[in-house]
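Below you'll find the structure I mean.
For ligands, and for the atoms within them, numbers begin at 1 and follow the listed sequence. What you see is a predicted model; the values in this text were computed from it and never measured.
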Amino acid sequence: MTTPTTTRFPTTAPVADDEGQRHFDRVIAEDSRIEPTDWMPDGYRRTLTRQISQHAHSEIIGMQPEANWITRAPSLKRKAILMAKVQDEAGHGLYLYSAAETLGTNRDELVDQLLTGRAKYSSIFNYPARTWADIGAIGWLVDGAAICNQVPLCRCSYGPYARAMIRVCKEESFHQRQGWEILYSLSHGTAAQKQMAQEAINRFYGPALQMFGPPDEDSPNSQQSMSWNIKRFSNDELRQRFVDMIVPQAEALGLHFEDPDLKWNEERGHYDFGELDWTEFKAAIRGSGPCNVQRLQRRRQAFDDGAWVREAAAAYAEKTASRSTPERGLHVA
Ligand SMILES: [Fe+2]
Ligand SMILES: [Fe+2]
């Protein structure tokens, strides 16, 4: 019997490079999709492996700040909703690891990159959720920013990533609505509840805007990603789109953003907003954000605690495979 492996797709397609390149160029020019068995440039494969796996790591690490509130949710209904949301994020991580694996790097390696600190994940998850209102702010602003980033990825040139994004985006829309609804309840509650909601969005406004990445002039790889149809809009375009969306939503909540430069610009037809603290952003990416150490420690612990599940699943898969008959087309040896 063959040893089970998590890599299910060939890393090189059986075509000459120049023929493959012509096919690749044609697919990109037609705005069509590249599939796992197609030839692709090494840089394209590397870029997507990095992007999709970082996205998967972000979904998995992003479960932590919210999971910390499951036991403290203010009602049974809120607890059930939050549990479902955190479970959705685990599912997003799993779709994305599967999509990344189609590029030829197996999941064990991708997970190892996260656990050993070689891979990055979204800086936003290095911030703590201090109050219940933060759970509302995370849903509304963090999942909201994720939607702005991810809706264009549904048209990404790499088929498995684009298809994974369709379902992810549908679920993120629910997440955003539940966050907004938590904040709406608080902002229409007591004065103390309204203040808690305001303080939560004060904390998350800047970090949520930074989720779109550095300004365009500091994002040298964006142009290549755009020419490969991986990325459809620049970081600054997406950030602007997000700000234009959340300002009226904040007004509907009866809350505001503490940004003195935030105002409607009639000429541009967009909201202007203040400079973000990029030194803080870089620190959170490099590992010195408020919760970086805690997040990675927790993930390593969860990985170790889950060893028996992986062993049991592998033993079960082996047993099932050895019992299968060739006639049923299930025998793998
Ligand atoms: Fe998600
Ligand atoms: Fe989400």
Taking only protein atoms, how many N, O or S atoms are found under 2.8 Å from the Fe ion (ligand 1)?
->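 N, O or S atoms of the protein closer than 2.8 Å: 4.
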Flag the pair Tyr44 / Phe24 as yes when their ring centroid distance falls below 6.0 Å, and as no otherwise.
->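 Yes.
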Nearest heavy-atom neighbours spanning Met196 and Leu186 |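 The pair with the smallest heavy-atom distance is CE-CD2, 3.9 Å.
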Do Phe212 and Phe242 have ring centroids that are under 6.0 Å from one another?
->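 Phe242 vs Phe212: aromatic centres under 6.0 Å.
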Does the side chain of Tyr121 come within less than 4.5 Å of Asn126's, by heavy atoms?
->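 They are in side-chain contact.
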Using the six-membered ring of Phe233, assess whether NZ or CZ of Arg241 lies under 6.0 Å from its centre and within 45 degrees of the ring axis.
->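 Yes, Arg241 sits over the ring of Phe233.
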Glu89 side chain reached by Glu172 side chain, heavy atoms, under 4.5 Å =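 They are in side-chain contact.
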